[in-house]
Amino acid sequence: MGTVFSFDVRGPVTPAVTAALEAAVDWLHHVDRVFSPYRPDSAVSRLARGAVQPEECSAEVRAVLALCETVRCATDGWFSPLAGGVLDPSGLVKGWAVEGAAERLRAAGARHICVNGGGDLQLIGGAAPGVPWRIGIADPLRPDALCAVVTGHDLAIATSGTAERGAHILDPHTRAPARGPAALTVVGRWLAMTDAYATAAYAMGARAAGWLASRPGYEALAVTEDGGSWHTPGFPAHGTPLLAARP
């Protein structure tokens, strides 16, 4: 999928957890083979060029397409797997894949898990029993600095912006690069939807704050290009001088 994945599994490393870790890595490679728009033999690429129809694809491909349509409707079209004019569900698939990897570890008995896919995280349990995870959110305008620290249990965290990959998010309505904030972080429960919402909210630009505030179970923090910031009322952060300094 063109990025780095890492696993942080706290607690006893049993044979079942070791086997689940191997299964999780296999799963991520499988998702890449099926959904990568950069592989001409993937199901997504074959769909995009009309070599197959959705009804001819596997159940998992049909499920992802259905989930993309659900998110498209929920975001009034600001998320679209056709934003660039060619089928590319990557804005949802990466989070969906990470979520599936974490679930394989949880099913094997791991209770404190962090799976990181290119900076987007699925967190299960805490850093230790009774201890919340503490996740630093990079400041897009100040290299090597944090703009917030998110704390909590059982969280998904996804960030969209231009700091790492440039202007790669497209406005689905114009197919031009979206003009969002420097970075926008969304916190939810599960990463597939959280990641897709972060992509959609970034594309929305100024509309994002009101839309995110209306979504139950999701909170967000944005850093704007001029150095300001905004966040939804329930954003789960502590020790965040940026929020105090940039109201």
Side-chain angles (χ1 to χ4, degrees), residues 2-4 6 71 74-76 78-79 83 90-92 94-95 98 114-123 132-152 155-174 176-247:
T3 191
V4 176
S6 63
V71 179
T75 61
D76 294 327
W78 287 102
F79 174 89
S90 301
L92 181 142
K94 185 177 72 170
V98 169
C114 173
V115 182
N116 182 335
D120 296 332
L121 310 177
Q122 180 66 63
L123 303 158
W133 292 101
R134 290 176 51 84
I135 305 298
I137 307 299
D139 188 329
L141 304 180
R142 296 185 299 166
D144 302 321
L146 298 179
C147 64
V149 177
V150 173
T151 62
L155 299 173
I157 304 173
T159 297
S160 291
T162 59
E164 298 295 330
R165 295 176 55 195
H168 66 286
I169 299 172
L170 301 179
D171 180 334
H173 304 292
T174 66
R179 302 184 64 180
L184 188 151
T185 295
V186 178
V187 178
R189 178 62 185 91
W190 297 107
L191 190 55
M193 293 294 286
T194 302
D195 195 10
Y197 277 6
T199 300
Y202 182 89
M204 289 179 192
R207 304 172 181 85
W211 181 79
L212 285 163
S214 73
R215 306 304 300 178
Y218 295 89
E219 303 292 343
L221 163 70
V223 177
T224 57
E225 293 285 359
D226 63 1
S229 70
W230 57 260
H231 62 94
T232 53
F235 187 77
H238 295 280
T240 54
L242 178 143
L243 296 182
R246 300 177 183 171

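By convention here, the first residue in the shown sequence is residue 1.
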Gap separating the [atom1] atom of [X] from the [atom2] atom of [Y], nearest 0.5 angstrom:
| X | Y | atom1 | atom2 | answer |
| --- | --- | --- | --- | --- |
| T75 | R207 | OG1 | CZ | 12.0 Å |
| D139 | L146 | CG | CG | 8.0 Å |
| Y197 | F79 | OH | CZ | 11.0 Å |
| D195 | Q122 | CG | CD | 10.5 Å |

[X] vs [Y] side-chain heavy atoms within contact, under 4.5 Å:
| X | Y | answer |
| --- | --- | --- |
| S229 | T224 | no |
| L141 | V223 | yes |
| P236 | V150 | yes |
| C147 | L221 | yes |

Show the nearest heavy-atom pair for residues V98 and G117, with the distance to one decimal.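 V98 and G117 have their closest heavy atoms at CG2-CA, 4.0 Å.
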Residue among T194, L123, D120 satisfying side chain to side chain contact (heavy atoms under 4.5 Å, CB included) with I157: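 Running side chain to side chain contact (heavy atoms under 4.5 Å, CB included) over T194, L123, D120 with I157 returns exactly one hit, L123.
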When the aromatic ring centroids of W211 and Y218 are compared, is their separation below 6.0 Å?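 Centroid distance W211-Y218: not below 6.0 Å, so no.
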Identify, with sequence neighbours excluded, every residue that meets ring pair (Phe, Tyr, Trp, His ring centres under 6.0 Å) alongside W190.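 Partners of W190 by the ring pair (Phe, Tyr, Trp, His ring centres under 6.0 Å) criterion come out as none, since no residue qualifies.
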For W133, ring pair (Phe, Tyr, Trp, His ring centres under 6.0 Å) partners two or more places apart: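 Ring pair (Phe, Tyr, Trp, His ring centres under 6.0 Å) check on W133 returns nothing, list empty.
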Under the salt bridge (Lys or Arg N to Asp or Glu O under 4.0 Å) test, which residues partner R189, sequence neighbours left out?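 Residues passing salt bridge (Lys or Arg N to Asp or Glu O under 4.0 Å) with R189: D154.
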